[in-house]
Amino acid sequence: MQYEGVLRKMQTEVGRPIQYYMVFESDFLNLNQVLDQTLHIDFIKFQCLNCGLDRPIYRQGFCKSCFFEIPTAGDWIMRPELSTAHLGKEDRDLEYEKKVQLQPHIVYLANSSNIKVGVTRKTQVPTRWIDQGAHEAIEIVEVPNRYLAGITEVALKDHIGDKTNWRKMLTNQVEDEDLVEWRTKLKEFIPQEVADYFIENNHETHLEFPVLCYPEKVKSLNLGKTPSYTGVLKGIKGQYLIFEDNTVFNVRGNEGAYVGIGIT
């Protein structure tokens with residue numbers, strides 16, 4: 001079997017285990033069905049996810065000029081506390097920013113390598129947790145816009161981390177935590193204007209990833225240095241492919257790379 005196309009974030013479907021799909025322009029691949037099979041990945045060229053040109057990818061699948069111009073790559077994407085649509089203030093495109101920022105957002109706790117706080121649109125639950133490789137997560141507050149979620153995350157970051165240790169996540173060096181207890185401990189640090197949005201009585205969500213065996217240590221596949229790679233697929237977790245020889249491949253980190261994928 002042979003597939004070809006530009007890499008984008010893998011699409012997922014909740015299940016036990018989670019189902020993973022690589023979606024190309026005219027085809028898709030269910031990766032769960034090719035576990036224990038050999039994958040051949042060949043880098044062909046770049047293809048910016050916005051302009052479609054063969055230019056080096058700068059960040060988030062975009063070439064440098066697109067990254068600094070398009071509304072989907074504004075600073076408020078990574079730093080939600082910078083959102084200004086609720087004030088009617090434009091960053092790059094007010095209509096787009098209103099559409100994304102002025103909708104329900106969730107501040108959550110997720111446990112992938114350690115407990116971390118994060119923000120996502122309500123429509124992205126539990127997709128966001130899956131993408132981070134979290135085996136358990138819980139919602140803390142649900143607010144009506146991205147700005148309120150952002151200032152809550154900033155306040156809580158003083159008391160709990162906001163980063164995932166991807167190596168620990170991929171080697172499955174994780175411990176279960178009482179996220180309900182953590183949420184209760186953090187309640188007092190939530191900003192006053194968000195206090196009424198605190199979620200009191202929901203339960204943890206538990207997620208199961210399609211991994212046949214975890215590596216003891218990991219080495220990352222960089223298509224810039226290794227444009228051709230062959231390995232036996234042993235698992236998918238977060239946005240990573242895990243191979244038998246301890247190689248891991250961050251699909252999301254390689255968005256905008258146009259590749260050929262063969263399966264034998």
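Treat the numbers as computed from the prediction; the structure is a model and nothing was measured.
A side-chain donor-acceptor contact under 3.5 Å links T164 and S112. Side-chain N/O atoms of N172 and K237 include a donor and acceptor closer than 3.5 Å.
Shortest non-hydrogen contact noted between Y3 and F28 is CE2-O, 3.6 Å. Between P210 and P17, the shortest heavy-atom distance links the atoms N-CB, 3.7 Å. The nearest pair of heavy atoms linking K234 to D36 is NZ-OD1, 2.5 Å. Between E153 and P80, the shortest heavy-atom distance links the atoms OE1-CG, 3.8 Å.
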Show the atom names and distances, to 0.1 Å, of all donor-acceptor pairs under 3.5 Å that link a side chain in residues 43-59 to residues at least two apart or in another chain.
{"residue": "D54", "atom": "OD1", "partner": "F46", "partner atom": "N", "Å": "3.2"}
{"residue": "R55", "atom": "NH1", "partner": "S65", "partner atom": "OG", "Å": "3.0"}

Throw together a table of side-chain donor-acceptor distances under 3.5 angstrom for residues 214-222, partners on residues two or more places apart or in other chains.
{"residue": "N222", "atom": "OD1", "partner": "G224", "partner atom": "N", "Å": "2.7"}
{"residue": "N222", "atom": "OD1", "partner": "K225", "partner atom": "N", "Å": "3.4"}

Donor-acceptor pairs are to be reported for all side-chain atoms of residues 118-132 against protein atoms at under 3.5 Å, with residues two or more places apart or in another chain.
{"residue": "K122", "atom": "NZ", "partner": "E142", "partner atom": "OE1", "Å": "3.4"}
{"residue": "K122", "atom": "NZ", "partner": "E142", "partner atom": "OE2", "Å": "3.2"}
{"residue": "D131", "atom": "OD1", "partner": "Q239", "partner atom": "NE2", "Å": "3.0"}
{"residue": "D131", "atom": "OD2", "partner": "K9", "partner atom": "NZ", "Å": "2.7"}
{"residue": "Q132", "atom": "OE1", "partner": "Y108", "partner atom": "OH", "Å": "3.2"}
{"residue": "Q132", "atom": "NE2", "partner": "Y108", "partner atom": "OH", "Å": "3.0"}

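Looking only at distances, a side-chain donor or acceptor of N114 sits under 3.5 Å from a matching main-chain atom of K163. Side-chain atoms of N254 never come within 3.5 Å of backbone atoms of L7 as a donor-acceptor pair (strictly under, hydrogens ignored). At least one donor-acceptor pair under 3.5 Å links the side chain of Q103 to the backbone N or O of K99.
Residues K157 and V117 form a side-chain contact, since some pair of their non-hydrogen atoms from C-beta on lies under 4.5 Å apart. Residues K168 and V174 fail the side-chain proximity criterion, which asks for heavy atoms closer than 4.5 Å.
Between R146 and the choices H86, Q101, H105, the side chain to side chain donor-acceptor pair (under 3.5 Å) rule is met once, by H105.
Look at K116 and D162 and you find no salt bridge, because none of the NZ, NE, NH1 or NH2 atoms lies under 4.0 Å from a carboxylate O. Under the 4.0 Å criterion applied to side-chain N and carboxylate O atoms, E208 and R16 are assigned as salt-bridge partners.
Within the structure, ring-ring contact (aromatic ring centres under 6.0 Å, His included) pairs that include any residue of residues 242-264 comprise Y229-F243 (at least two apart or interchain).
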Report the C-alpha distance between M78 and Q60 in whole Å, list the side-chain angles of each, state the deciding distance to 0.1 Å, and finish with yes or no for side-chain contact (heavy atoms from CB on, under 4.5 Å). CA-CA 11 Å; M78 302 302 287; Q60 298 173 29; 3.9 Å; yes
Might you work through the side-chain contact (heavy atoms from CB on, under 4.5 Å) test for D178 and E204, ending with a clear yes or no? CA-CA 9 Å; D178 188 336; E204 295 177 18; 4.1 Å; yes
Using side-chain contact (heavy atoms from CB on, under 4.5 Å), reason through M22 and L241 one step at a time and then give a plain yes or no. CA-CA 11 Å; M22 274 187 177; L241 305 182; 4.0 Å; yes
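Rounding to the nearest 0.5 Å places CD of Q37 at 10.5 Å from CG of L31.
Evaluation of the ring pair (Phe, Tyr, Trp, His ring centres under 6.0 Å) rule for W166 yields Y240 as partners, not counting sequence neighbours. The side chain to side chain contact (heavy atoms under 4.5 Å, CB included) test applied to L82 returns D75, W76, R79, not counting sequence neighbours.
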